[in-house]
Structure formats: C-alpha cells, structure tokens
2 protein chains.
Amino acid sequence: MLGALGEVFRAHGYEGASLALITEATGLGKGSLYHAFPGGKEQMAEEVLASIDAWFVREIYEPLRAAADPRQGIAEMFRGVDTYFHSGRRVCLIGVVALGSARDLFAERVKTYFVAWVDALAAALRKFGYAQAEARHLAEQVVLEIQGALVLARAVNDPKLFTRALERSQERLLEKQDGGVKQRRRPHIANR
Amino acid sequence: MLGALGEVFRAHGYEGASLALITEATGLGKGSLYHAFPGGKEQMAEEVLASIDAWFVREIYEPLRAAADPRQGIAEMFRGVDTYFHSGRRVCLIGVVALGSARDLFAERVKTYFVAWVDALAAALRKFGYAQAEARHLAEQVVLEIQGALVLARAVNDPKLFTRALERSQERLLEKQDGGVKQRRRPHIANR
DNA sequence: GTCTATAAAGCGATAGAC
DNA sequence: GTCTATCGCTTTATAGAC
C-alpha cells in the first residue's frame, strides 16, 4: 500500500503525483484514500517518507552499526543500497523531494534520513580504523556519491553507471586493510 | 528573462512552476508569455535548459578543453561550478528535471548536458596524464559528486557541504603532480 | 470501508481589444 | 507586444449513499 504510493511519488514527484494517478496505482477510490489519510496528499507523502526512513534504519543503518566486522557491515550496506535502488533503475524519493519544491514541507524527514545515514556509516568507519574527522568526511562523501550516481545514471539513462559508482566507492573505502595505520584511533577488538 | 524563468523552474520544478508563478517572477502577463513562447510552458523550459546548456559549453566545457595547462583548466572548472551553483545554495535545474517526471520531455537535453561535461573533463584529464579509461571514470565520478553534493547540501540545508565536496574532489583529481606516471599515455607538449 | 457526485479553486492555453 | 476575459480541463478535497 505505502509501497504502491511510494512508486507513484517516485515516478511523478510530489506535485506531479495527482490523486487520479494515485487511485489508479493503488486501486482505491478517493473516498478510501481520504479515509486512510485524512490529511490528504501531504499525509500520504509524509507516511511514505517515514516508511522509507524506517526501512533504511532497520535494514541499513542498524546492521551497519551492529556489525561486529565493520568491513562486512559496510559491504552489506552497499549490497542493500544496490538492491533497494534496483541497481540504478530506481530513483531515491528522498532525494527527489529534497530537490523539489515540496522540500519545505518535509524538510525534517529529508534531513534526518541523510544525517542518520552519514552518522551510521561514520560510526562503522571509525570502527574500521579511520579517525573521527576523516570517518565523517568519508561517510558524507559516500552518501553523496550514491545520490549523485542516481541522478547521473537517470540523466544519461545508464543504470550501470550507478553500479560502477557503488563499486568504486566501496573499493576506495575499504582499500586500507583493516583501517589506515596513521588514522587508527584505538585497536579494534571485534572479530576475534 | 530566461534567467528569471530558470529560477522559477529551479525553485518549483517543471510541474510546480505554474503560469501564475511565472507571470509574477517575470512581470509579464500570459499574453506576452505566449507571444514569446508559442509552445507554452514546455517551450519555456526547453529554452531555459538550452540556455543553461549553452552557458556551460561556453563557460566551462570549452575553456576546459582549450586550456593549455589542464591543471589550470580543471581548477577553473571548479571555480566556475562553485560560482554557478552559488556555493551550494543553488540547485542544478538539469538535475532536478532529470529526477522529475518531466524527464522524458527533455531527455535529450538532459543527457547531452551531462555527456558533454564528462567528455570535456575526461579530455582535460587525459591531457593531464591519466590513461583514457581512468580519465573517463574520474570525469564521471567528479560530475556525479557535484550532483550528489548539491542534493545532499540541499537536503541537510548546509551549503558548506557542497564547497567541501568540491575541494575534496579537486584535490583528489590533481594530487598526482602533472599526471600519474604509470597512467601517462604520451608526453604532453603544451605549456612549453 | 468504498464508492459516486460534486464543489471550489487552479491549471495551461486561447481570443481579442488596445 | 501586452493586457484582460474566458474556455476547458484537472486539481484537491468533501459529502453522502451504500
């Protein structure tokens, strides 16, 4: 249900997703929709964004933090991201909203989605051996690359560009075996 | 004129930019607008996109190709980009369109904008000393980073994130002095 | 809960006076 | 070239039958 709604917003943006398109995609009449979402379209989008946010927290951010081996946790993040975005054929609704004019309506949700992502990844990178400041910059960099790859892949209509970007991003992150020596903050005791 | 139009599309997206908003921003009534753009809103957006494309070709891509010193040309590209995007406070209209539902209408323009950018940057990087394949990948990577940085900076409402990303991107590109030795294809004879 | 009918407003676009 | 008035149509949202 929220899934079908999300696909409509993804395909047409917040303003472009008319109730006519929504009824068509969900198979529900306006009456049913307004029964489920008294707040109308804005509430629909809000709940869709919330469910996406929750999905990422549950499936990506928390495993990333909980992973005993940060290297493996990060690898799983990239796998999860590749799956979620259908290897570059699916766009990021949060990113779409962030760029659109509906951004102000959902500013808080959009912000926390990205902040939580950067935080979780930075935590994993610290565990991997990077110093705090570098971990933050790298995490920011990776999230930004994913968003940019989605934009560019869609713009030139080449999903493989996304997959390639993910691979390069992951390689660059993990190329230091078990953390860079000079950036290392403290010995990491997991996986032993 | 096209500039004012562009800002409306940037702020509200293609579908969100109503003729009411456009008349307000341009100070022209609908009559005047349809006199100038018989094709209506679609033509307005098309001409705006074309003018942006032309601006980048003239101010960014061509100087990048023409620069005798590729290092300097690339540095000027980053400066131009930072200026154009108001140091992260201004969004990329082509990227906005690429993600939105109007993408199909302007698919050709959107694609050539990015392809031309990657091509021009890859040419400069080859001149700088990178091998062809690596130059292409790096160019793609840089353009993608710029788009991603715009998305993320806007999402978390922190323009400095954009500036930081540009700096890191440029540093990584130019860290090999006068081109990486092993990637070098042939001696470069410019600047002598 | 789901539907149809309908309201009120906004949309892109056109016509025609000036 | 710029304006106002207006046309159809679509929009979000509501009302009320079932």
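The model shown is predicted, which means the values in this text are computed figures rather than measured ones. Naming convention: chains lettered A, B, ... in sequence-line order (proteins, then strands); numbering from 1 in each chain. No hydrogens, no waters, no symmetry mates; every other heavy atom, side chains included, goes into these values.
Other residues, nucleotides and ligands contribute only 12 or fewer heavy atoms inside 6.0 Å of the CD atom of A/Glu24.
Using a 4.0 Å cut-off between charged side-chain N and carboxylate O, A/Asp119 and A/Arg65 make no salt bridge. By the 4.0 Å N-to-carboxylate-O rule, B/Glu145 lies close enough to B/Arg172 to be salt-bridged with it. Looking at A/Glu108 and A/Lys111, no side-chain N of the basic residue comes within less than 4.0 Å of a carboxylate O on the acidic one, giving no salt bridge. Salt bridge annotation for B/Asp158-B/Arg164: present, with a cationic side-chain nitrogen under 4.0 angstrom from a carboxylate oxygen.
What separates CD of B/Gln43 from P of C/dT14 is a distance of 12 Å, to the nearest Å. Between B/Ile22 atom CD1 and C/dG10 atom P the separation is 17 Å, expressed in whole Å. In this entry the distance linking NE2 of A/His12 with P of D/dT10 reads 15 Å, nearest Å. Atom-to-atom, NE2 of A/His35 to C1' of C/dG1 comes out at 5 Å; the value is rounded to the nearest Å.
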Cut-off 3.5 Å, no hydrogens considered: what does the side-chain donor-acceptor table look like for residues 14-22 of chain B, sequence neighbours left out?
residue : atom : partner  : partner atom : Å
B/Tyr14 : OH   : B/Glu42  : N            : 3.4
B/Glu15 : OE1  : B/Ser101 : OG           : 3.0
B/Glu15 : OE2  : B/Ser101 : OG           : 3.4
B/Ser18 : OG   : B/Leu21  : N            : 3.3

Query - Under 4.0 Å protein heavy-atom contact, by nucleotide of nucleotides 11-18 of chain D - B base, S sugar-phosphate only - result: SBBB----
